[in-house]
Every structure is written in structure tokens, then in C-alpha cells.
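Here is the structure we will look at, set down as C-alpha cells.
These numbers come from a predicted model, not from an experiment.
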Amino acid sequence: MSRQLPIVARTPFPRAAGPQLADAQLRGNLRRATRTIRDKRAAVVAEVPDWELLRDRAAAVKDDVLDRLPQLLAQFEAAATAAGAVVHHAADAGRANAVVADLVRAQGVDQVVKVKSMATQEIGLNEALAAVGVTAIETDLAELIVQLAEDAPSHILVPAVHYNRSQIREIFARRMPGFAADSDEPAVLAAAARAYLRRTFLAARVAVCGANFAVAETGSLVIVESEGNGRMCLTLPDTLIAVVGVEKLLPRFADLGDFLRLLPRSSTGERMNPYTSIFTGVTPGDGPQRLHIVLLDNGRTTVAADPVGRAALRCIRCSACLNVCPVYERVGGHAYGSVYPGPIGAILSPQLTGQDAGANRTLPYASTLCGACYDVCPVKINIPEILVHLRQAGKSPAAERAAMGLLAWTMRDRRRWRAALRAARAGGRPLRALTRRGGGRLRRAPWPLSAWTAHRDAPLPAAESFRDWWSRTHGR
């Protein structure tokens, strides 16, 4: 399709991050929100004595899915069809959008309600529906805030994390039909959104959702949420359309138990989700009477073929990695230019689209490689390893390749390495005068080092090496 997907960054990360770093309000909002969530997560995770065993089992289940993906997809389709659902396959975003648009128009409606869904954001479904005259209304409160603001989400779990409550009240006052409150108290804002959404729910004939999990054994879909809006969308409309990434499969219903313990603790810091909906096919006289399931590939089978990168498909969209990432905390989600921000977005978006798509090639560099994301991931995705893997797979500038080649040649010989260190110390002495208070970090360096110091400080060589210090103090 010609339209650029929402998982393709338009601006290189270093350039996109600049304005975000300069926004003090944004940084304050992010700092408060991410620290609150990660503190809650740490407390409830500490209550689970077999947490590491849960992580190991969940990672093994997801790897098994990737190993047997065609077989499990066929099993899921057979079970779901037997239960009354209609299963569609979409190789890419264009096909998925076309299927959903055709299904909506067949019902003769110009409005649908939506459960929060990363898969539909990934393919740009709302925009695709708008192009054929259908309005999609987000019913998750944070997604609704972002939609009313005509903004883009900046967090996987809390899309409106970059707004404070005063900003939200202003958005509601401008854009929400019937909003008249002059208070920015959270309870008042939530009540206004509830009243608006309830009218919308009761009028809805078609709903669109994603799925947290899809069970191959039974053909069931599972959605977990905290507000009850999902339950309204899953029960009131006559027609329900689910867009589900193929990696969301679990082989057996019994596998759900571990994931339903891991996900809420990792995402919202809760012991369990307030609403867990499990539905299988169609039941006459109860809930939607037409269930369509669109199984979305959109690059996933290509990712699954990469022995290193495939682990990204274990992701259960908990967002724990965002909440511990020092880079995300300082720049927020918009700097990544994709609906998948943070550490998981830095490895998932380039793989789904190809690293040459837009500015996605810069995303694997949006990390300090500190490893905090790996430590908290409930399915043990080694994000730093995949980041390095993608950096190596990308084509680096000729000057960088030459510099790395020279460095490798130098470090292969002990004498060359010692000579290089002596030369670096000698060259660093005049530069030390350019540092703040004569310290050891250079904030602005002349060309060609300016390419480095445009985004970070450059540490200068120590005035004395360890070897020299040892010889001086120990006499040998």
C-alpha cells in the first residue's frame, strides 16, 4: 500500500528526540508516570516466589508457537470456525484494512466502537476506515484522550501518559460532545468520559477489537483490560471484528494461567486484571451474532525466520520495558515515530517493516544497552542482544566502518594498543581545557568528533593509565 504505516518512523530518532528533551512538562509527566508504574510492578512481582519459573515457562511457550506457527494457525482456524466464527487471513496491513472495511460496510453502519488494540494501530485501521466514511471511536479512556486531541499514543499501556489532568480537561472541553465540567479532578473527567461512552456503546452495532491471546486448542480469544469498556464492546454490538497478530497464539487453554499471572503484574502492577474476557465463536442469543477474526501477518513470519530477532515476537505488550528505560523516560514515545515505542519498539518496528523503511534504521540505536528491559520482560526477550543484532545488520556509514576497522587493527596487537593509548592521552591534554571546569568529559568537540558530541558527552582519556599508575606506585 502507498500510505506509510504508523510503525514507520518518519524522522531519525536523534532528531525527533531533540524537541522532546527540551519539553520540561513532558519530562515531568513521564517521570511521575513511569516511576509510579514500575514501583507498583516491583511490589507485586516480589510477592510471587516462582516468578522466574513463570518467565521461563512463558518464554518456552511463545518459542513453541513460533516453531509450529503454520500448524497452530490451522488448528486455531478449525476450532474457531467450528464454534461459529469466520476466520480471514491478512498478509499485510492493506489486506487487513480492506477486510475490516468491507465487513463494516456490509453492516450498513458509518460508526464502530473499538477496544484498545495495538494491531489495529499498527496497520492504521482508523485512518483506513475514515477513508471509506466510517468513524472509529476509541473506548479506552487513554486512547479516547489521544483521539480527541488528534494526537498519537506515546505509551503501549498508557497512550496518554504525556498529558497531565489539566491538559486532559482542556482536550475534553474542546472536543468531547456534551462536556461541561470546569474541574480537572480525575473523578470528574472519568465521569464525563463514562457518560459520553455509554451513549456510544448503546448505539453501536459493530465493534472492533484485538486480542491479548488466541488459543489454538479451542479457537478462543482472550482480552484483558481495566476499565470495562472492552466488555461493553464485546457484548453489546451485533457484529464483532477481531484483528489478531498471528504471534498472539497459545497452543493450549492450560497455557493461559501463567500469562494471566505475568501480564497484569508486568503492565499495571496489579495482581489480576479487573476484566478478563474469554470468548469462543458465537452463542445464539448471547453477545455478538457475527464474529470475524482477521489473522494478521504483516511481517511476522519474516521476523520468525530470524534466529535472533524472532524473540521479539514473544512480546505480550505489557510495556514493562518502557517504564524502566532511561531513554524512554526522557523523550517519551513520540520520538520513536512508531506506535511501538520504547525498547520493544526499537526492535519490533524495524523488523516488521525492514530496517530500510523510513527512519526505522535509527531505532536500534535509541538505547543505552543497560539491560533493564531484559530484567523486567515477563517473557525474557533479550532486547539488548537484539538491538546489537539489528545494529550489526544495518549498513553503517563508511566513515564509521573505517574507524571500527582501524580500531580493530589497533587492538589486535598489544604494542599498537599501548601506543594508541599514549597518543590518546597526549592528544586529550589540550582538549581538557575545553571541558567544563577542566573535567574529563567534552561537551562540544571539533569535527569529526562533533558527530558524537552533538548528542552526548565525549569522555577524555584518563590522565594516567592503570598500567602507568601500577608501575609508578609499585615500582614495576
Gln20 CD to Leu26 CG distance, which is reported to the nearest 0.5 Å: 5.5 Å
Measure the CG-CD1 distance between Leu103 and Ile241 for me, rounded to the nearest 0.5 Å. 4.5 Å
Can you check side chain to side chain contact (heavy atoms under 4.5 Å, CB included) on Ile293 and Leu295, steps first, answer last? CA-CA 6 Å; Ile293 303 172; Leu295 294 174; 4.1 Å; yes
For residues 344-369, which residue pairs qualify under salt bridge (Lys or Arg N to Asp or Glu O under 4.0 Å), counting only residues two or more places apart or in two chains? none
Reported CE-to-NZ distance for the pair Met118 and Lys248, which is rounded to 0.5 angstrom: 9.0 Å
Can you tell me which residue pairs pass the side-chain hydrogen bond (donor to acceptor under 3.5 Å, both in side chains) test with a partner in residues 193-215, sequence neighbours excluded? none
Electrostatic pair Glu329-Arg38, nearest N-O below 4.0 angstrom: yes
Identify each donor-acceptor pair in which a side-chain atom of residues 365-374 lies under 3.5 Å from a protein atom, sequence neighbours left out, and give them as a table.
unit_1 : atom_1 : unit_2 : atom_2 : d
Ser367 : OG     : Leu369 : N      : 2.9
Thr368 : OG1    : Cys370 : N      : 3.4

Under the 3.5 angstrom rule, does the side chain of Lys116 hit a backbone N or O of Ile156 as a donor-acceptor pair? yes
Steps toward side chain to side chain contact (heavy atoms under 4.5 Å, CB included) verdict (Arg317, Tyr340): CA-CA 9 Å; Arg317 310 293 191 265; Tyr340 297 120; 3.5 Å; yes
Which atom pair, heavy atoms only, marks the closest approach of Ala90 to Val294? CB-CG1, 3.9 Å
In terms of heavy-atom contacts, Leu129 and Ala101 come closest through CD2-CA, 3.8 Å
Non-hydrogen atoms of Ala214 and Leu221 that approach each other most closely: CB-CD2, 3.8 Å
So, does Arg391 use its side chain to make a donor-acceptor pair with the main chain of Val388 at under 3.5 Å? no
So Phe259 and Lys62, do their side chains get closer than 4.5 Å, heavy atoms only? yes
Does the side chain of His155 pick up a donor-acceptor pair with the side chain of Asn323 at under 3.5 Å? yes
Side-chain donor/acceptor of Asn97 to backbone N/O of Ile123, under 3.5 Å: yes
Classify the side-chain pair Asn126/Glu138 by whether it contains a donor and acceptor separated by less than 3.5 Å. yes
Give a yes or no on whether the backbone of Pro326 and the side-chain of Arg330 come within a donor-acceptor separation of less than 3.5 Å. yes
Side chain to side chain donor-acceptor pair (under 3.5 Å) partners of Asp238, counting only residues at least two apart: none
Over all atoms of both residues, closest heavy-atom pair of Ile316 and Leu263: O-CD1, 3.7 Å
4.5 Å side-chain heavy-atom contact, Tyr328 and Leu30: yes
Applying side chain to side chain contact (heavy atoms under 4.5 Å, CB included), name anything that partners Thr218, two or more places apart in sequence or on another chain. Val215, Ser220, Phe253
Report yes if the side chains of Leu260 and Met272 come closer than 4.5 Å at any heavy-atom pair, otherwise no. no
Assess the side chains of Glu143 and Gln121: does a donor N or O sit below 3.5 Å from an acceptor N or O? yes
Would you sort out whether Ile344 and Ile381 count as a side chain to side chain contact (heavy atoms under 4.5 Å, CB included), showing the intermediate values? CA-CA 9 Å; Ile344 187 61; Ile381 303 172; 4.2 Å; yes
Here the salt bridge (Lys or Arg N to Asp or Glu O under 4.0 Å) pairs for residues 374-386, sequence neighbours left out, are Asp56-Lys380
Could you work out, with side chain to side chain donor-acceptor pair (under 3.5 Å) as the rule, every residue matching His162, not counting sequence neighbours? Asp151, Ser154
Rounded to the nearest 0.5 Å, what separates atom CG in Leu197 from atom OG1 in Thr139? 6.5 Å
Side chain to side chain contact (heavy atoms under 4.5 Å, CB included) with Glu122: which of Leu348, Leu352, Thr353? Leu352
For Ser349, give me all partners under side chain to side chain donor-acceptor pair (under 3.5 Å), at least two apart in sequence or on another chain. Ser338
Please check if the side chain of Gln351 supplies one atom and the backbone of Gly309 the other of a donor-acceptor pair under 3.5 Å. yes
Is there a donor-acceptor pair closer than 3.5 Å between any side-chain N or O of Glu150 and the backbone N or O of Leu148? no
Between Ala216 and Leu72, the two heavy atoms sitting closest are CB-O, 3.7 Å
Backbone N/O of Cys377 and side chain of Arg55: donor-acceptor pair under 3.5 Å: yes
For Arg290, is the CZ atom crowded, meaning more than 12 foreign heavy atoms sit under 6.0 Å from it? yes
Would a distance-only check, ignoring hydrogens and angles, find a side-chain to backbone donor-acceptor pair under 3.5 Å from Ser117 to Thr120? yes
How would you list all residue pairs meeting salt bridge (Lys or Arg N to Asp or Glu O under 4.0 Å) that involve residues 263-282, not counting sequence neighbours? Glu47-Arg271
Can you confirm whether more than 12 heavy atoms, excluding those of Asp110, are under 6.0 Å from its CG atom? no
First locate atom NZ of Lys114, then atom CD1 of Ile137, and finally report the distance between them rounded to the nearest 0.5 Å. 11.5 Å
Does the side chain of Ile278 come within less than 4.5 Å of Leu256's, by heavy atoms? yes
Would you indicate whether the side-chain heavy atoms of Arg169 and Phe179 approach each other to under 4.5 Å? yes
Could you pull out all residues at least two apart from Asp67 that satisfy salt bridge (charged side-chain N to carboxylate O under 4.0 Å, His left out)? Arg310
Just wondering, do Asp255 and Phe213 contact through their side chains at under 4.5 Å, heavy atoms? no
Any salt bridge between Arg105 and Asp102, counting N to O under 4.0 Å? yes
Quick check: do Val109 and Val134 have side-chain heavy atoms less than 4.5 Å from each other? no
Residue list, side chain to side chain donor-acceptor pair (under 3.5 Å) with Ser226, at least two apart or on another chain: none
List the atom pairs, with distances to 0.1 Å, where a side-chain N or O of residues 78-86 and a protein N or O form a donor-acceptor pair under 3.5 Å, not counting sequence neighbours.
unit_1 : atom_1 : unit_2 : atom_2 : d
Thr81  : OG1    : Glu77  : O      : 2.7

May I ask you to test the Asp306-His389 pair for a side-chain heavy-atom distance under 4.5 Å? yes
Which atom names give the shortest non-hydrogen contact between Arg231 and Ser277, and what distance separates them? NE-OG, 2.8 Å
Quick check against the 3.5 Å criterion: does Asp23 have a side-chain atom that pairs as donor or acceptor with the backbone of Gln25? yes
Interatomic spacing from CZ in Arg175 to CG in Leu144 - rounded to 0.5 Å: 10.5 Å
